[in-house]
Engineer: 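Here it is: the structure, laid out below.
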Amino acid sequence: MEHKINVLISEEEINARISELGAQISQEYAGESVHLVCILKGSIYVTCELAKKITVPVTLDFMSVSSYGDGTKSSGIVKMVKDLDETIENKNVIVVEDIIDSGRTLSYLLPLLKDRKPKSLKLLAFLDKPERRVKEVTVDYNGFQIPDEFVVGFGLDYAQQYRNLPYVGVVEV
């Protein structure tokens, strides 16, 4: 099924912002290393591009935690699909999330990760929709604040489509 998609954030804007975030993280963690926890599937694009921009040593791991089905709204039910492969104890952990909408997923995930005793735990949100928040979440590194629109591209999907778009666009449903 084809949808009309209007560009919200261009590829150039995305690349520039990820470079800025990589530089900020590199400066804050100078002399240390960071462990990026990519929340699958949507955050894979951001995580890979971000890792290339960070100049301190970087390690990666992956989790899959979801409160979405095939729809355009959060289901409200959080489930863990895939846990980390490695321990995060005594590591500088940055959770990389593609989008924060209701906040339910991260309000479930962050306390769970904090209990695993990382040296530090921070959150990077590529996209943030604060007006949709039902659970409060602190974002340490914010890519872009966006309006309450359903977006796709750069890892974000609609029923598993459009992740590969190099920009973020609004779907007309």
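The figures that follow rest on heavy atoms only: side chains count, while hydrogens, waters and symmetry mates do not.
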Engineer: Does the side chain to side chain contact (heavy atoms under 4.5 Å, CB included) test come out yes or no for I54 and L36, once each step is laid out?
Structural biologist: CA-CA 11 Å; I54 296 173; L36 301 180; 4.3 Å; yes
Engineer: Kindly say whether F154 contributes a backbone atom to a donor-acceptor pair with the side chain of R163 at under 3.5 angstrom?
Structural biologist: no
Engineer: Can you tell me if D61 uses its side chain to pair, donor with acceptor, with the backbone of D85 under 3.5 Å?
Structural biologist: yes
Engineer: Using side-chain heavy atoms (C-beta onward) and a distance below 4.5 Å, is V168 in contact with F144?
Structural biologist: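 When only atoms from C-beta onward are counted, F144 and V168 do not touch, as no gap falls below 4.5 Å.
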Engineer: Using modelled atom types only, decide if a donor and an acceptor are shared between the side chain of K129 and the backbone of E149 within a distance under 3.5 Å.
Structural biologist: yes
Engineer: Say you draw a straight line from NZ of K82 to CD1 of I39; how long is it, rounded to the nearest 0.5 Å?
Structural biologist: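 K82 NZ to I39 CD1: 10.0 Å, rounded to 0.5 Å.
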Engineer: Among V139, D140, V37, I25, whose side-chain contact (heavy atoms from CB on, under 4.5 Å) with L124 holds?
Structural biologist: I25
Engineer: Could you go through residues 110-117 and list every donor-acceptor pair under 3.5 Å that involves a side-chain atom there, pairing it with any protein atom two or more places apart or in another chain?
Structural biologist:
from: R116; atom 1: NH1; to: D83; atom 2: OD1; distance (Å): 3.0
from: R116; atom 1: NH2; to: D83; atom 2: OD1; distance (Å): 3.2
from: R116; atom 1: NH2; to: D83; atom 2: OD2; distance (Å): 2.9

Engineer: At what distance, to the nearest 0.5 angstrom, does CZ of R104 lie from CZ of R132?
Structural biologist: 8.0 Å
Engineer: Does the pair F126 and L50 meet the rule for a side chain to side chain contact (heavy atoms under 4.5 Å, CB included), with working shown?
Structural biologist: CA-CA 10 Å; F126 175 55; L50 179 66; over 6 Å; no
Engineer: Measuring from atom OG1 of T47 to atom NZ of K52, what distance do you get when rounded to the nearest 0.5 angstrom?
Structural biologist: 12.0 Å
Engineer: For residues N142 and L21, report the shortest heavy-atom separation together with the two atoms involved.
Structural biologist: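 The answer is O-CD2, 4.2 Å.
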Engineer: Is there a side-chain contact between K41 and D157, using heavy atoms and a 4.5 Å cut-off?
Structural biologist: no
Engineer: I14 and Y167: which non-hydrogen atoms are nearest, and at how many Å?
Structural biologist: CD1-CA, 3.8 Å
Engineer: Whether the side chain of K122 engages the backbone of Y141 through a donor-acceptor N/O pair (distance < 3.5 Å, no angle test) should be reported.
Structural biologist: no
Engineer: Please report the interatomic distance OG1(T59) to CD(E86), rounded to the nearest 0.5 Å.
Structural biologist: 6.5 Å
Engineer: Hey, quick one: are V134 and L109 part of the same hydrophobic cluster, counting side-chain heavy atoms closer than 4.5 Å, chains of contacts allowed?
Structural biologist: no
Engineer: Looking at every heavy atom in both D98 and S43, which two are closest together, and how far apart are they?
Structural biologist: N-OG, 2.7 Å
Engineer: Please test L123 against I100 for side chain to side chain contact (heavy atoms under 4.5 Å, CB included), starting from the C-alpha separation and ending with a verdict.
Structural biologist: CA-CA 10 Å; L123 173 62; I100 301 177; 3.6 Å; yes
Engineer: Does F150 reach the side chain of H3, with side-chain heavy atoms less than 4.5 Å apart?
Structural biologist: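 Side chain of F150 against side chain of H3, heavy atoms only: no contact under 4.5 Å found.
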Engineer: Measuring only between side-chain heavy atoms, which start at C-beta, is Y108 closer than 4.5 Å to K135?
Structural biologist: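 No. Closest side-chain heavy atoms not under 4.5 Å.
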Engineer: How far apart are the closest heavy atoms of V93 and I88, and which atoms are they?
Structural biologist: CG2-CB, 3.7 Å
Engineer: Which pair of non-hydrogen atoms, one from L156 and one from L127, has the smallest distance, and what is that distance?
Structural biologist: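 Nearest heavy atoms, L156 then L127: CD1-CD1, 3.7 Å.
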Engineer: Might you point out which heavy atoms bring S26 and K53 nearest each other, and give the distance in Å?
Structural biologist: OG-O, 3.9 Å
Engineer: Mark yes or no for whether E32, through its side chain, and Y29, through its backbone, hold a donor-acceptor pair below 3.5 Å.
Structural biologist: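 Looks like no, no N/O pair under 3.5 Å.
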Engineer: Once you round to the nearest 0.5 Å, how far does CG of N15 lie from CD of E20?
Structural biologist: 11.5 Å
